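Read the structure below first, then the notes.
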Amino acid sequence: MTRETKRTNCHYCGYCCAFVATVEDGRVVDLAPDPTRYPYDERILAGCRRWRMNLDALDGADRVNYPLRRVGERGANEWERVSWDEALDDIAARLRALADEHGPETLASAIGGPHASFWPLHRFMNLFGSPNNMGIGQICWNPRIWMDALTFGWTVEADIAPGVTECLFIWGTNPAQSDNSAFWRSILQFSKSDAALVVIDPRRTQVAAVADLWLPVRPGTDCTLALGLLHVIIEEDLVDRAFVDAWCHGFDELAEQVKPYTPAHVAEVCGVPADDIVRAARLFGQAGAAALVSGRGVDQVGANVAPTHRAICCLRAITGNVDKPGSCVLAESPDFVSEMELEMTDALAPEHRARCLNTPFTPLQCYDGYERARALTEKLGRTLPARYLTSALPHLVLRAMETGEPYPVRALIVNATNPLLTYGDTHRVFNALMGLDLLVVLDYYMTPTASIADYVLPAAGAIERPVLQVHGGVANMGYGGPAAVEPYYERRCDYDVFRGLGLRLGQEDAWPEETLADAFAAQLARTGMDWETFCELGIYWQPPAYAKHELPGVDGRPQGFATTTGKIELASEFLPTLGGARLPEPAAPITLCSPELVAEAERAGGAYLPMITGSRKQPYNASMYFNNPAFRAKSPHPVVEMSPATAERLGFAPGDRVEVRTDKGAARFILATATMRDDLLNVDYGWWHPEWEPGAPAFGGMWESNINCLTSCEPGEPLIGTWSYNAIDCVIYKVDDPLSWEEDS
Ligand SMILES: Nc1nc2c(c(=O)[nH]1)N[C@H]1C(S)=C(S)[C@@H](COP(=O)(O)OP(=O)(O)OC[C@H]3O[C@@H](n4cnc5c(=O)[nH]c(N)nc54)[C@H](O)[C@@H]3O)O[C@H]1N2
Ligand SMILES: Nc1nc2c(c(=O)[nH]1)N[C@H]1C(S)=C(S)[C@@H](COP(=O)(O)OP(=O)(O)OC[C@H]3O[C@@H](n4cnc5c(=O)[nH]c(N)nc54)[C@H](O)[C@@H]3O)O[C@H]1N2
Ligand code: SF4
Ligand SMILES: [Mo]
């Protein structure tokens, strides 16, 4: 028997904590935190409910361990085990035949949150000749990246520095549940200092509870709120004049634009007291340095997403909170090989780019918009990541599956996502996927999405594969480490799968590295750090410099910002060239309820209210970890929350069984009360029963309490295509029948 200790990493959240694994004969028998490597923090591990799952999950009875091929009807859950060669040969042959018939863009792909390295899939797609990668970026990350890049010439990050940052805005994000680690701890620490913490969230989250000021904004009205803050800052002359004169473009136009957004008007629209709006503006405007962090609350609001982010950028800029210590700093671009290069975006031939479904539907979120924006940021040597900013709109890919317009999409590769639970409009996603010629799912488990596939391919996970986490290539930071063991059974790293397909489809030259670890080593080589050193340290990082705009450019003058004008564009010169607005302006929220539905719900004693969906809650993550019995015992029910006053007004009580509905569909939950706005519902997302038989008819129970049965993926935002998971109207009423979850518990 061999017994050794190996470095490795957890991958149950973005922190990728370092572990030491005790390995006997190729099997992990113990795991312990590794205090010698980034990002070790005893308190984080003490507060983390997930890390111990790694050991059980490695050999979990519910893991998919071998390639499976469908033998029965699609969704019947009848499979045969096949070898990898058989699976990859057949998938490659079928993809080639489909591409011969319809063109390579007949293949689409789907990804989700940052669970895996997605560049191998994207390299494969680019070389295959398909631009049709669906991502979740439009509602998770892209709006921020796009608007930062077009306003400042690159992305910005909060530089929260104790003793320096005098004011911190936490806007539509709740790190207490979504990022239960270093960032949340730094906020807790911050809240105990003299500096001001302001939280903008319709719910009284744990962050709001420790804030100096909580603005319980009406969902979807954040753009108006930001314009109101700008109004006060300009009226009260809290503007950093020297910075604005030297570095901002379009201040007078912005000042004119925000004139109507008086505290009284904004209070009316946003449902927060006018005095608090003034107070928040003063705290931000008067601080020596102010930082701001935003999240999903302002990323997933359809048409409002771009103007809200633009207004937030303006707030940072006119107060001079750009690239100075303790404020918002422009990130650095990576010294290592960027995701864009790894994905081989430039290898996607012009004729295939021209088939991008987004063109001209969303003129920014497409190859043309990307290339134009990239030309700007490259003026200062920074390259925007391509795949996320060009990723195809699910609405358009689904339409091409449903109708064959403008060309048929007949095949889909799903990598590390569970679109039947997490993409908008589950009924539509289900019907489109059921009609495909080829559906390949790469996952750890037989998810509802996997259960309707032609092939389910077993993915190697944390501990079994190396990790290099790089923040999408917009920061000069990478962290992670090696695999402790070879993948168990016949699981494979996603790199091996896409390389295997690529080698079968004429991509031999594009996959020189035989393993993912070799590929990571090659990616890092440009920094001068070798893979072994990286694995010892667990991190490659260069801190961002300040005041980069003042550094001398090629002509010896300050280099400024990588925008059309070389300045921060309060008024955008770029967006109008794509039909967008020069200045931020709020848009109307979407409606998904017909008058008939509302009337029917009211007859049933129900109510018509806006909802927000998917507010993060430990211990689950999207559709994951429902297979953990301890988690299920502790959090057994999918929940809808309303304020106690609303429950009383509507005659609802905690524990009631309720149905929530839009014209798209319905889902059932257990009612709970929480401190939040009185005109609002907060609805869980991701719920299914991994312990149920997969496939038809129940598909893991995903029809019962799946909030995405009620959402739409139709784009609300015209440049990026963002749809809405927040600020959606719905109806709610009581039901009598027990929920399946009650039987479980
Ligand atoms: N436990 C857990 N952690 C996760 C995840 C998970 O599923 N579970 N998912 C991961 C992923 S993919 C992501 S993208 C991150 C997201 O991380 P966050 O952005 O921190 O997401 P949330 O914790 O849901 O916080 C969003 C907040 O926005 C508020 N909100 C909703 N609508 C509005 C609005 O219109 N305006 C304002 N101002 N606020 C609003 C909600 O009440 C909520 O408190 O979390 C990651 N971490
Ligand atoms: N209504 C509503 N919908 C939402 C949101 C919301 O707030 N409300 N949030 C949206 C956001 S921000 C996001 S990012 C998405 C998240 O959406 P997803 O990423 O689709 O959600 P997960 O449940 O995390 O699905 C991950 C799947 O990948 C598998 N997996 C995990 N790691 C790996 C790996 O390394 N390799 C492979 N091959 N498989 C792996 C897991 O087993 C799981 O089945 O949901 C979006 N959908
Ligand atoms: S789940 Fe996240 S915080 Fe917990 S051990 Fe894993 S990487 Fe670290
Ligand atoms: Mo996300």
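Here the structure is a predicted model, which is why all the values come from computation and not from measurement. Whatever order the structure lists them in is the order used to number ligands and atoms, beginning at 1. Because only heavy atoms are used, hydrogens play no part in the values below, and waters and symmetry mates are left out as well, while side chains stay in.
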Parallel, tilted or perpendicular: which fits the ring planes of F699 and W703, with parallel below 30° and perpendicular above 60°? perpendicular

Does any N or O of ligand 1 fall below 3.5 Å from an N or O anywhere on P202, backbone included? no

Sub-3.5 Å donor-acceptor pair from the side chain of R52 to the main-chain atoms of C48, do we have one? no

Check for a donor-acceptor pair, side chain of D148 on one end and backbone N or O of V156 on the other, with a separation under 3.5 Å. yes

Indicate whether the side chain of T449 and that of N418 have a donor and an acceptor atom separated by less than 3.5 Å. yes

Among all protein heavy atoms in this structure, tell me which lies nearest to atom 21 (O) of ligand 1, with the distance rounded to 0.1 Å. R296 NE, 3.3 Å

Subset of ligand 2 atoms that lie under 4.0 Å from at least one heavy atom of G112: 19 (O)

Closest protein heavy atom to atom 44 (O) of ligand 1, given as residue, atom name and distance to 0.1 Å: D201 OD2, 2.6 Å

Heavy-atom pairs closer than 4.0 Å: do any link ligand 1 to the side chain of C140, the backbone, both, or neither? side chain

Give me the nearest non-hydrogen protein atom to atom 32 (N) of ligand 2 as residue plus atom name, then the distance to 0.1 Å. Y444 OH, 3.1 Å

Region of Q177 engaging ligand 1 - heavy atom pairs below 4.0 Å: backbone

Please check: side-chain N/O of R204 versus main-chain N/O of T675, any donor-acceptor pairing under 3.5 Å? no

Which atoms of ligand 2 are found less than 4.0 Å from any heavy atom of A459? 36 (N), 37 (C), 38 (N)

Between Y725 and Y685, is the ring centre distance below 6.0 Å? no

Identify, by atom number and element, the atoms of ligand 2 in contact range of Y445, meaning under 4.0 Å from any of its heavy atoms. 42 (O)

Assess the side chains of Y489 and D59: does a donor N or O sit below 3.5 Å from an acceptor N or O? yes

Could you tell me whether P219 and ligand 1 have an N or O pair separated by under 3.5 Å? no

Could you tell me if Q365 and S391 have a donor-acceptor pair between their side chains, going purely by distance under 3.5 Å? yes

for atom 5 (C) of ligand 2, nearest protein heavy atom and its distance come out as Y685 CE1, 3.3 Å

Any nitrogen or oxygen of T417, main chain or side chain, under 3.5 Å from a nitrogen or oxygen of ligand 2? yes

I612 and ligand 1 - part of the residue with a heavy-atom distance under 4.0 Å: side chain

Polar contacts were defined as any N/O atom of the residue lying under 3.5 Å from an N/O atom of the ligand; does this apply to D179 and ligand 1? no

Within reach of ligand 1, part of K617 (heavy-atom separation under 4.0 Å): backbone

Any nitrogen or oxygen of Y423 lying under 3.5 Å from a nitrogen or oxygen in ligand 2? Just yes or no. no

Between G172, G14, A727, which one has a non-hydrogen atom sitting closest to atom 28 (O) of ligand 1? G172

Would you mind checking which non-hydrogen protein atom is closest to atom 30 (N) of ligand 1, with the distance to 0.1 Å? G297 CA, 3.5 Å

Distance from atom 46 (C) of ligand 2 to nearest protein heavy atom, with residue and atom: T422 O, 3.4 Å

Is it the side chain (CB and beyond), the backbone, both or neither of H11 that lies under 4.0 Å from ligand 2, heavy atoms counted? neither

How far apart are the closest heavy atoms of W687 and S635, and which atoms are they? CH2-O, 3.2 Å

Donor-acceptor contact below 3.5 Å, side chain Y495 vs main chain S117: no

Proximity flag Q300 to ligand 2, non-hydrogen atoms under 4.0 Å: yes

Can N415 be said to touch ligand 2, with heavy atoms closer than 4.0 Å? yes

Checking side-chain polar atoms at under 3.5 Å, does N708 have a donor or acceptor matched by the opposite partner on T426? no

Sub-4.0 Å atoms of ligand 2 with respect to non-hydrogen atoms of S623: 22 (P), 23 (O), 25 (O)

A student comparing P690, G113, G614 should find that the heavy atom closest to atom 19 (O) of ligand 2 comes from G113

Atom 42 (O) of ligand 2 - nearest protein heavy atom and its distance: D443 OD1, 2.7 Å

Top protein contact for atom 8 (N) of ligand 1, by heavy-atom distance: Y620 O, 3.1 Å

Proximity of R465 to ligand 2 by residue part, where a heavy atom lies under 4.0 Å: side chain

protein heavy-atom neighbour closest to atom 35 (O) of ligand 1 works out as G220 N, 2.9 Å

Near T613, which atoms of ligand 2 are under 4.0 Å from a heavy atom of that residue? 1 (N), 2 (C), 7 (O), 8 (N)

Does R465 use its side chain to pair, donor to acceptor, with the backbone of I463 at less than 3.5 Å? no

Tell me whether A622 has any N or O atom under 3.5 angstrom from an N or O of ligand 2. no

Closest protein heavy atom (residue, atom, distance) for atom 47 (N) of ligand 1: S178 O, 2.8 Å

Any donor-acceptor pair under 3.5 Å linking the side chain of E490 with the backbone of P458? no

Just by distance, no angles: are the side chains of S109 and N133 close enough, under 3.5 Å, to form a donor-acceptor pair? yes

Residues H11 and N54: side-chain donor-acceptor under 3.5 angstrom: no

Between H115 and ligand 2, does any nitrogen or oxygen pair lie at a separation below 3.5 Å? yes

Smallest heavy-atom separation, P638 atom then R668 atom, equals CG-O, 4.2 Å

Hey, is the main chain of P482 close enough, under 3.5 Å, to the side chain of T8 for a donor-acceptor pair? yes

The closest protein heavy-atom partner of atom 25 (O) of ligand 1 is N174 N, 3.2 Å

Considering non-hydrogen atoms of the protein only, which is the closest contact for atom 9 (N) of ligand 1, and what is the distance? R616 NE, 3.1 Å

Side chain to side chain contact (heavy atoms under 4.5 Å, CB included), that's the test. Do Y479 and C16 meet it? Break it down for me. CA-CA 8 Å; Y479 51 97; C16 302; 4.1 Å; yes

Which of the atoms of ligand 2 are close to N418, meaning less than 4.0 Å from one of its heavy atoms? 20 (O), 25 (O)

Close N or O approach (T205, ligand 1; < 3.5 Å): no

In terms of atom number and element, which parts of ligand 2 are under 4.0 angstrom from non-hydrogen atoms of T447? 44 (O)

Would you mind telling me if ligand 2 is within reach of the side chain of A416, the backbone, both or neither, using heavy atoms under 4.0 Å? both

Considering both backbone and side-chain atoms of I707, is one of its nitrogen or oxygen atoms within less than 3.5 Å of a nitrogen or oxygen in ligand 2? no

With a 4.0 Å heavy-atom cut-off (strictly under), which part of I136 contacts ligand 2: side chain, backbone, both or neither? side chain

Min heavy-atom dist R50 to ligand 1 below 4.0 Å: yes

Looking just at side-chain N and O atoms, do T221 and T224 make a donor-acceptor pair shorter than 3.5 Å? no

If we only count N/O pairs under 3.5 Å, is T173 in contact with ligand 1? yes

Enumerate the atoms of ligand 2 whose separation from the nearest heavy atom of N708 is less than 4.0 angstrom. 1 (N), 2 (C), 3 (N)

Would you say G295 touches ligand 1, if touching means a heavy atom closer than 4.0 Å? yes

